[in-house]
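Just below is one structure, and these are the notes that go with it.
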There are 2 protein chains.
Amino acid sequence: MSSFLPTEKRLAVTRRRHPAFPRGSAVLVRLVKHLHKRVHDEANAALKPFGLNHPQYNLLMMLYGTDGDGLNPSQLAEAAGEKAANITRLTNELCEKGLIERAASEDDRRKLVLSLTPAGLALIERLLPSICALLDEQTRGLAAPEQAELERLLKKFLDGFDRRA
Amino acid sequence: MSSFLPTEKRLAVTRRRHPAFPRGSAVLVRLVKHLHKRVHDEANAALKPFGLNHPQYNLLMMLYGTDGDGLNPSQLAEAAGEKAANITRLTNELCEKGLIERAASEDDRRKLVLSLTPAGLALIERLLPSICALLDEQTRGLAAPEQAELERLLKKFLDGFDRRA
DNA sequence: GCTATTTAATACATAAATATACTATAGCCG
DNA sequence: CGGCTATAGTATATTTATGTATTAAATAGC
């Protein structure tokens, strides 16, 4: 039984009371919200044994996925979808754990370069098996072509936001 | 240009460093995260003129979408995807604004029934035009059949979580 | 019909996220 | 140059969310 059924019932009632309410759009938005919550919660649980939370993990993975020296705090904010002010706190935490390090930028003294330390890299390699298993499990209900189609449609959905921004 | 391209580049690098990393699953998860952020931020901006934030709006809409008397705090938590402890604070705020009210439940004196006040109903009717416009705009990039297909796939995606929970 | 366990709701302490304001550097243009 | 504006990063205060413990009432098992 789907956890989403009650939501659909509510949308039906809403539409009855306010006929202009766009059911389809609202369903999509609420599905995204529900999915995000599930993904976030499960990731947090999987990361807890490694002493990380989901935002911290995301930052580490952004650095892991970057060729070259590293990223500035503002690039990292953009990459991870965090507000700039949040990056300071999160990177402080990661620095204190010795997982990343700050270095002054060569060409612009306002900038910093954040990069993984060997310890940070080692932690990532240690936790990736768990994360890969979790990701595989989370999408196991979707056949490969469905995953591809879902990816295509989500990208198109996201493009709509970019276009208006 | 898509805001998602940098993410895809990073996933490619990640996969090179750690070949077992499931690219497809990770893309879906990150797309959900990006979309959630956009939806949430735009909703907050649209609601600000009405003195509400997104969680508060969600609670009101859950009540608006419910036939009958109202909901208990715990039902509301489930419906809105909020933790129970959060509901107390959020409903306090809405009570203070006079938008909802608490009543003792008839059949179980541990329970409360939360319901919209006339003022709450009036506020909803007043803000729905803005919200409907926003929802329509957010999904305008998707043709109707694409929306339907996306809805189907997202539900299937979500079902996978329910099944394992 | 009494105790033992569950459940509903909340209070309180803690943690996380956000908005705002501030410092330092860079780049521009007269 | 010298002053103006824009940008990078962070510190601080405030708001928002979460985890844990507490209170009260209902249910279950004897």
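To find a chain, count down the sequence lines: A is the first, B the second, and so on, and within it residues start at 1.
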* Asked: With a non-hydrogen cut-off below 4.0 angstrom, is Ile87(B) in contact with a base, only sugar-phosphate, or nothing?
  -> nothing
* To do: Pick base, sugar-phosphate or nothing for Ser74(A), based on heavy-atom distances below 4.0 Å to the nucleic acid.
  => sugar-phosphate
Per [X] side chain, nearest of listed nucleotides [options]:
X         : options                   : value
Glu82(A)  : dT18(C), dA8(C), dA11(C)  : dT18(C)
Ala84(B)  : dT10(C), dA17(C), dT20(C) : dT10(C)
Arg89(A)  : dA25(D), dT18(C), dA16(C) : dA16(C)
Lys111(B) : dT25(C), dA11(C), dA8(C)  : dA8(C)
Thr88(B)  : dA8(D), dT10(C), dA11(D)  : dT10(C)
Ala85(B)  : dA17(D), dA25(D), dA11(C) : dA11(C)
Leu112(A) : dT10(D), dT18(C), dT25(C) : dT10(D)

* Min side-chain heavy-atom separation Met62(B)-Gln75(B) under 4.5 Å ->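 Of all side-chain heavy-atom pairs linking Gln75(B) with Met62(B), none is under 4.5 Å.
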* Asked: Thinking salt bridges, do Asp41(A) and Lys37(A) make one under a 4.0 Å N-O criterion?
  ->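 Judged by the 4.0 Å cut-off on N to carboxylate O distance, Asp41(A) and Lys37(A) do form a salt bridge.
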* Asked: Which residue lies toward the 5' end of DNA chain C, Lys83(A) or Thr91(B), if each is placed at its nearest nucleotide?
  -> Thr91(B)
* **Test item: side-chain donor near acceptor, Ser74(A) and Asn72(A), under 3.5 Å** => no
* If you pin Lys48(A) and Glu93(B) to their nearest nucleotides in DNA chain D, which one's is more 5'? ->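 With Lys48(A) and Glu93(B) compared, the 5'-side residue is Glu93(B).
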* Can you name the nearest heavy-atom pair linking Ile100(A) to Leu63(A), along with the distance? -> CG2-CD1, 3.8 Å
* Hey, is the side chain of Arg109(A) poking within less than 4.0 Å of OP1 or OP2 on dT7(D), counting only N and O atoms? ->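 False: Arg109(A) side-chain N/O out of range (4.0 Å or more) of dT7(D) OP1/OP2.
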* Would you say Asn86(A) reaches dT18(C)'s phosphate, i.e. side-chain N/O to OP1/OP2 under 4.0 Å? ->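 For dT18(C), OP1/OP2 do have a side-chain N/O of Asn86(A) under 4.0 Å.
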